[in-house]
Amino acid sequence: MTSAEAKEKIEALRTELHRHNHNYYVLNSPEISDKDFDMMLKVLEKLEKEFPEFDDPLSPTRRVGSDLTKGFEHVAHARPMMSLSNSYSLEEVDDWFLRIRKALEGEKFDIVGEMKFDGTSISITYKDGRLVRAVTRGDGTQGDDVTANVKTIRSIPLQLQPGDWPEEFEIRGEILMPWEVFEKLNAERAYNEEPLFANPRNAASGTLKMQDSREVARRHLDARFYYLLSDHLPSDNHFDNIKAAERWGFKVSKAMKLLHSLEEVNEYMNYWDVHRKELPVATDGLVFKVNSIRQQLNLGFTAKSPRWAIAFKFNPENACTRLRFVSFETGRMGIVTPVANLEPVLLSGTIVKRASLHNDDIIQELDIHEGDWLYVEKGGEIIPKITGVEVSKREPDAAKIHFVEKCPVCGTQLVRLFGEAAWCCPNHYGCRPQITGKIEHFCARRMMNIDGIGEETAELLFDCGMVERIADIYDLTQEKLQTLDRIGEKSAKRILDGIEASKQVPFERVVYALSIPNVGETTAKRLAMSVKNMDNLLAMTEEELTAVQDIGPIIAKCIYEYLRDPINIDNISRLKTAGVQMSLPEEKLAPSGNALDGKTIVISGTFTAHSRDEYKEIIEREGGKNSGSISKKTSFVLAGENMGPAKREKCEKLGIPLVSEEEFLKMIQS
């Protein structure tokens with residue numbers, strides 16, 4: 001066989017095998033027997049060995065995987081993978097539907113109903129119809145490159161079926177382990193006396209992160225896809241885009257349905273609340289999305305999730321099990337949390353052994369005694385929660401559970417936080433779990449992202465006296481680290497590389513990493529954007545702090561007191577000396593223009609070029625101020641389509657000018 005003949009034969013076999021693979025794993029309608037498929041595959045393997053110059057990483061022969069998969073590279077998402085707002089009742093979904101109707105100001109809209117699959121999220125990029133890269137959700141802004149493992153999943157196309165697919169696009173979905181595969185895998189692990197997987201989600205997630213892609217291939221993972229992103233989508237609505245993806249070779253849910261009214265949404269919820277258990281893969285709810293892409297754009301996003309979509313979680317399962325004992329655990333911020341340690345019970349596919357009792361008030365309200373039988377359910381089918389006591393099973397002489405008076409770790413007398421149900425250990429700088437918790441928090445991925453310092457290493461560094469304050473991390477050396485058990489030369493280098501890289505972490509994440517009481521990720525970001533640098537933050541009064549968006553008097557007091565403590569002042573000073581970012585970069589400090597300097601603007605209606613949230617950011621960058629209501633102080637209203645008649649009438653009455661989207665963009669450009 002000549003080289004040209006071999007090339008033609010190889011390409012024909014690959015095309016045919018891709019088609020048969022799609023028929024078998026996606027359409028469930030094979031045209032040939034397994035034996036014929038395997039024989040065809042063997043012919044291709046033989047030709048590829050004889051003519052290695054025609055190698056293709058997306059060949060059907062590569063589905064078996066390789067044992068050469070290395071550590072996963074972190075890859076930034078081109079578009080953030082946001083989470084959805086959750087709801088737990090029909091009424092909450094109804095409220096969301098009505099908010100959409102109000103926000104669209106009477107404009108007609110449709111909803112797409114979908115299954116919420118219980119697996120691990122994935123984002124896959126295709127170019128010219130070929131799979132290029134697969135990345136996990138990670139923290140939403142970046143994830144792990146698991147392309148080699150994803151290529152082994154036979155329901156995911158390596159080469160798309162002929163169609164009108166864009167030159168480049170991203171498709172998102174869920175990697176799943178079917179119930180049948182999960183049960184076989186656990187039976188095999190039980191036979192080999194290996195630990196069992198708690199549920200298919202954990203099994204799928206763990207499998208996807210395995211270093212040996214041959215083992216990934218052997219686990220028979222599956223996938224469902226539900227979101228298409230591209231600058232050149234085939235349609236202007238979500239439903240038709242997913243149907244197009246199905247034609248290209250992607251496996252999508254047969255349960256996806258276009259819904260035209262609130263009544264149809266409710267019927268869809270009631271149907272799947274019963275029939276979801278008939279599905280071959282795990283689900284934990286439903287997802288509802290506004291169908292129109294234009295309407296999605298106009299509805300925009302909150303800080304964490306799109307306004308145009310909502311997840312509905314099915315009612316959680318519950319069970320009754322015996323309380324073994326209550327433990328009291330001190331957390332990073334000093335809060336002491338009671339935890340019910342239970343006789344193991346299977347709940348929503350997971351073995352539950354522990355459940356938080358949250359605080360003293362909950363213990364008193366439930367009236368928990370030693371050895372009680374407790375009702376436990378999974379909030380959102382994720383977090384175990386104690387909901388009641390089966391008093392009829394209580395032993396007559398069972399003693400009542402009382403909250404501890406002293407910290408279970410350092411013995412310090414607990415204090416009750418003002419206006420709250422929580423008891424706190426005030427020994428913030430001498431209590432082991434508080435110190436190690438702050439070290440672990442500082443090093444975590446969403447904060448300073450120092451690889452190699454997790455819970456165990458943080459405790460090890462503290463116990464040996466190397467790290468007692470977070471600033472001590474920057475005094476670590478290769479020599480110091482290698483004196484510790486469990487830390488060798490490579491581990492030490494990884495930690496030190498992470499420490500060096502952390503000096504480039506943005507200022508807003510540094511603020512979050514400091515463990516300031518009541519300052520979470522969103523508040524830290526708003527604070528950083530408002531104060532610009534650490535020196536300004538240190539100099540602010542409580543009154544000035546309350547002027548920052550979303551910071552009330554209680555949070556302002558926490559920030560102010562934290563920044564007046566000599567230990568924290570010294571800690572921040574040492575971090576600054578070490579080279580940690582203590583201000584926003586120049587590009588964030590400088591406004592993009594002053595076209596709207598001094599103007600107060602109200603946004604109303606729906607838009608085409610940008611979402612409302614994007615227009616709000618543009619207004620602020622150009623020196624303007626956003627307002628939610630029309631008054632005499634309003635400079636003008638940015639008026640989109642479907643602006644409400646009441647607002648128009650008020651503008652006419654007060655003489656407030658209306659500026660169209662096109663006029664506004666020209667104003668900015670000029």
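Atoms considered below: every heavy atom in the structure, side chains included; atoms not considered: hydrogens, waters and symmetry mates. For clarity, every value in this text was computed on a predicted model and none was experimentally measured.
- For the residue pair T337 and H358, the shortest heavy atom distance occurs at CG2-O, 4.1 Å.
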task = Take S123 and R172 through the test side chain to side chain contact (heavy atoms under 4.5 Å, CB included) and record every step on the way to the result.
result = CA-CA 4 Å; S123 170; R172 293 176 180 174; 3.9 Å; yes

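- The residues K209 and D144 are annotated as salt-bridged, a charged nitrogen and a carboxylate oxygen being separated by less than 4.0 angstrom.
- Ring-plane geometry between Y271 and H275 is classed as parallel, the angle between the planes falling under 30 degrees on a 0 to 90 degree scale with a further cut at 60.
- Checked for salt-bridge contact, K243 and E246 meet the test: a charged N lies under 4.0 Å from a carboxylate O.
- Of all non-hydrogen atoms in S83 and S305, the two that sit nearest each other are O-CB, 2.8 Å.
- With contacts defined as side-chain heavy-atom distances shorter than 4.5 Å, the pair I386/L366 qualifies.
- A salt bridge does not link K257 with D110: every distance from a Lys NZ or Arg NE/NH1/NH2 to an Asp or Glu carboxylate oxygen is 4.0 Å or more.
- At a threshold of 4.5 Å between non-hydrogen side-chain atoms, the residues L229 and I171 do not count as touching.
- Ion pairing between K116 and D118 fails under the 4.0 Å rule for side-chain N and carboxylate O.
- Within the 4.5 Å cutoff, the side chain of R133 has no heavy atoms near those of the I124 side chain.
- Taking the ring centroids of Y126 and F250, they lie under the 6.0 Å cut-off.
- Applying the salt bridge (charged side-chain N to carboxylate O under 4.0 Å, His left out) test to residues at least two apart or on different chains, the pairs with a partner in residues 74-90 are R79-E170, R79-D231.
- For W96 (side chain) and R307 (main-chain N/O), a donor-acceptor pair under 3.5 Å exists by modelled atom type.
- Applying the salt bridge (charged side-chain N to carboxylate O under 4.0 Å, His left out) criterion to E455, with sequence neighbours excluded, gives no partner residue.
- With sequence neighbours left out, W165 forms a side chain to side chain contact (heavy atoms under 4.5 Å, CB included) with L160, F169, W248.
- Minimum interatomic distance between A203 and F182 (heavy atoms only, all atoms of both residues): CB-CD1, 4.1 Å.
- Two residues are said to be in side-chain contact when any heavy atoms from C-beta on lie closer than 4.5 Å; N291 and I111 fail this criterion.
- Minimum heavy-atom separation, D222 to S155: OD1-OG, 2.7 Å.
- Using a 4.5 Å heavy-atom cutoff, the side chains of L90 and N266 are in contact.
- Counting only distance, with no hydrogens or angles, the side chain of R201 and the backbone of T120 share no donor-acceptor pair below 3.5 Å.
- With sequence neighbours left out, the side chain to side chain donor-acceptor pair (under 3.5 Å) criterion links Y226 to E174.
- Aromatic ring orientation, H441 versus Y512: perpendicular (interplanar angle above 60°, classes split at 30° and 60°).
- Look at K151 and D145 and you find no salt bridge, because none of the NZ, NE, NH1 or NH2 atoms lies under 4.0 Å from a carboxylate O.
- Listed by first and then second residue, the salt bridge (charged side-chain N to carboxylate O under 4.0 Å, His left out) pairs involving residues 88-100 amount to none (not counting sequence neighbours).
- H77 approaches Q142 most closely through the heavy-atom pair CD2-N, 3.6 Å.
- With sequence neighbours left out, the side chain to side chain contact (heavy atoms under 4.5 Å, CB included) criterion links S327 to F325, E329, V339, N341, R354.
- Using bins of under 30°, 30° to 60° and over 60° for the plane-to-plane angle, the ring pair F109/F97 lands in the tilted bin.
- Side-chain atoms of M269 and L286, non-hydrogen and from C-beta on, do get closer than 4.5 Å to each other.
- The existence of a salt bridge linking K184 and E180 is confirmed by a sub-4.0 Å separation between a basic side-chain nitrogen and an acidic carboxylate oxygen.
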